[in-house]
Student: 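The structure's right below; bear with me while I get my questions together.
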Amino acid sequence: MQQESIQRIQALNIIERLCSLPLFMGISHSDMEKIIGSVRFHFLKFPKFKTICNIHEVNNSIYFLLNGTIEVTRMDDSNTIEFFEYLQGPAIIGADVLFGISHAHLYNYKAKTDCQFVVLSKKEITSQLLNYEIFRLNLLNHISLVAQRRTRMLHEPLSPDLTQRFIQFIKHNTLYPAGYKKIKCKQSDLGTALLSNVKNICTMFRNLENKQLIKTSRGQIIVPSLQDLL
């Protein structure tokens, strides 16, 4: 009897944890009990600095970050400017590239701290979870949000103002238009990307530093809060 009670408590804890994750929010406890009984959930731990997913790697799962911080990086199209941002749970990796023409990751993901994940394979999602309307709607809403954000950026006119072009450049190369961002590059490469020159880039940096919106050091630009820069 005591063992049954412990198992029941553990099951309830798992249900509560899963119900708080994106894509599962709104699903009833009774449906979650059925899901837990039929779907294979993989609980994985990634130690600090461990790579989770590499850019261009084929994706066959959705990763739900429960605890910890992950570092997300990518290079710009010229392969000379590197962007960094950090995500904390709850966050999703892989849902936007699970279906469609390309299944490859668009960013590199690495554990910044020790991280805990729940991982669902594409097979479990298509054979089990898509039978639940709330999960289908949550997944469609997530994919639609990502697609609409990228479409808006694609059609956003290039600003004539250098600072605004700099902000656009960060937004177009990172996952979320908020939070801490870091850029590693040469000023000459950034000037080329922003259709400007080193002199103008230095002036822009000086103005933004005076307003405490960015911090610069040799080959590195830190944006403590992109929403403040916006």
Side-chain angles (χ1 to χ4, degrees), residues 10-29 31-75 82-151 173-176 179:
Q10 289 175 338
L12 288 173
N13 288 337
I14 293 173
I15 289 172
E16 290 293 339
R17 201 166 192 180
L18 292 177
C19 283
S20 68
L21 296 176
L23 305 192
F24 288 102
M25 296 184 71
I27 295 179
S28 67
H29 277 221
D31 280 342
M32 282 304 305
E33 288 183 351
K34 295 176 184 176
I35 289 171
I36 289 174
S38 60
V39 176
R40 293 181 180 179
F41 291 89
H42 299 282
F43 291 84
L44 300 181
K45 293 183 179 181
F46 288 85
K48 185 177 180 180
F49 303 135
K50 179 73 173 178
T51 296
I52 301 161
C53 304
N54 279 316
I55 192 169
H56 305 316
E57 178 184 335
V58 174
N59 175 58
N60 292 307
S61 302
I62 294 180
Y63 295 73
F64 298 89
L65 176 63
L66 297 177
N67 297 306
T69 301
I70 57 177
E71 179 184 79
V72 185
T73 63
R74 80 177 299 270
M75 300 293 291
E82 189 171 16
F83 296 84
F84 297 75
E85 60 187 316
Y86 301 98
L87 305 181
Q88 295 179 326
I92 304 175
I93 298 174
D96 55 326
V97 290
L98 194 64
F99 305 100
I101 297 174
S102 174
H103 299 166
H105 285 289
L106 302 175
Y107 299 83
N108 293 307
Y109 300 91
K110 185 170 70 173
K112 179 69 173 176
T113 65
D114 292 344
C115 294
Q116 291 181 308
F117 285 88
V118 171
V119 182
L120 282 170
S121 70
K122 185 175 182 177
K123 180 181 178 181
E124 294 296 319
I125 292 167
T126 55
S127 65
Q128 300 283 346
L129 288 169
L130 290 183
N131 295 324
Y132 294 89
E133 183 179 15
I134 297 298
F135 185 89
R136 290 200 307 272
L137 290 174
N138 287 341
L139 180 59
L140 284 171
N141 283 333
H142 175 77
I143 294 173
S144 297
L145 176 63
V146 173
Q148 289 168 10
R149 183 185 294 139
R150 290 174 182 166
T151 300
N173 285 279
T174 53
L175 274 175
Y176 293 102

Student: Identify the two heavy atoms, one from Pro90 and one from Leu21, that lie closest to each other, and give their separation to 0.1 Å.
Tutor: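 It is CB-CD2, 4.4 Å.
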Student: Rounded to the nearest 0.5 Å, what separates atom CG in Leu65 from atom CZ in Phe46?
Tutor: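 Nearest 0.5 Å value for the CG-CZ distance: 10.5 Å.
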Student: Nearest heavy-atom pair of Pro22 and Ile92: which atoms, and what distance?
Tutor: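 Between these two residues, the closest heavy atoms are CB-CD1, 3.3 Å.
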Student: Considering all heavy atoms of both residues, which atom of Asp114 and which atom of Lys48 are nearest to each other, and what is their separation?
Tutor: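 For Asp114 versus Lys48, the nearest heavy atoms are OD1-N, 2.9 Å.
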Student: Please check this pair: side chain of Thr113 against backbone of Gly68, looking for a donor-acceptor N/O pair closer than 3.5 Å.
Tutor: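 Judged by distance alone, no pair lies under 3.5 Å.
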Student: Which distance, rounded to the nearest 0.5 Å, do you find between the CG of Asn173 and the OG1 of Thr73?
Tutor: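 The OG1 atom of Thr73 is 12.0 Å from CG of Asn173, to the nearest 0.5 Å.
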Student: State, yes or no, whether a side-chain contact exists between Glu71 and Phe49 at a heavy-atom distance under 4.5 Å.
Tutor: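 Of all side-chain heavy-atom pairs linking Phe49 with Glu71, none is under 4.5 Å.
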Student: Between Asn108 and Asn54, is there a donor-acceptor pair closer than 3.5 Å when you use the side chain of the first and the backbone of the second?
Tutor: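 No.
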Student: Within the distance-only criterion (no hydrogens, no angle test), does the side chain of Glu124 pair as donor or acceptor with the backbone N or O of Val39 below 3.5 angstrom?
Tutor: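 Judged by distance alone, no pair lies under 3.5 Å.
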Student: Tell me, yes or no, whether the heavy-atom count around Lys34 atom NZ, taken from other residues, nucleotides or ligands under 6.0 Å, exceeds 12.
Tutor: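 Open: at most 12 neighbouring heavy atoms sit under 6.0 Å from NZ of Lys34.
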Student: Answer yes if the ring centres of Phe117 and Phe64 are under 6.0 angstrom apart, and no otherwise.
Tutor: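 That pair fails the under 6.0 Å test.
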Student: Using modelled atom types and a 3.5 Å cut-off, is there a donor and acceptor pairing between side-chain atoms of Asn59 and backbone atoms of Gly94?
Tutor: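 Yes; judged by distance alone, with no hydrogens or angles, the pair exists.
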Student: Enter the distance from Ser121:OG to His42:NE2 here, rounded to the nearest 0.5 Å.
Tutor: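 NE2 of His42 is found 5.5 Å from OG of Ser121.
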Student: Do the side chains of Phe84 and Val72 get nearer than 4.5 Å, heavy atoms only?
Tutor: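 Result no, sub-4.5 Å side-chain heavy-atom pair not found.
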Student: Rounded to the nearest 0.5 Å, how far does CG of Leu139 lie from CG of Leu130?
Tutor: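 Rounded to the nearest 0.5 Å, the CG-CG separation comes out at 6.5 Å.
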Student: What are the two closest heavy atoms between Ile70 and Cys115, and how far apart are they?
Tutor: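 It is CG2-SG, 3.8 Å.
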Student: Would you give the length of the straight line joining atom CD1 of Ile62 to atom CD1 of Ile93, rounded to the nearest 0.5 angstrom?
Tutor: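 Answer rounded to 0.5 Å: 11.0 Å.
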Student: State, to 0.1 Å, how close Tyr107 and Arg74 come at their nearest heavy-atom pair, and which atoms those are.
Tutor: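 Scanning both residues, the minimum pair turns out to be CE2-CD, 3.2 Å.
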Student: Identify the heavy atoms of Ile134 and Met25 that sit nearest to each other, and give their distance.
Tutor: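 In this case the closest contact between Ile134 and Met25 is CG2-O, 3.5 Å.
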Student: Test side chain to side chain contact (heavy atoms under 4.5 Å, CB included) on Gln116 and Phe43 and set out the steps.
Tutor: CA-CA 7 Å; Gln116 291 181 308; Phe43 291 84; over 6 Å; no
Student: Just how far is it from atom CG of Asp96 to atom NE2 of His142, taken to the nearest 0.5 Å?
Tutor: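 Those atoms lie 5.5 Å apart.
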Student: Taking the six-membered ring for Trp and the single ring otherwise, decide whether the centroids of Tyr63 and Tyr109 are under 6.0 Å apart.
Tutor: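 No; Tyr109 has its ring centre 6.0 Å or more from that of Tyr63.
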Student: If you apply the rule side chain to side chain contact (heavy atoms under 4.5 Å, CB included), what do you find for Leu106 with Arg150, and how did you get there?
Tutor: CA-CA 12 Å; Leu106 302 175; Arg150 290 174 182 166; 3.5 Å; yes
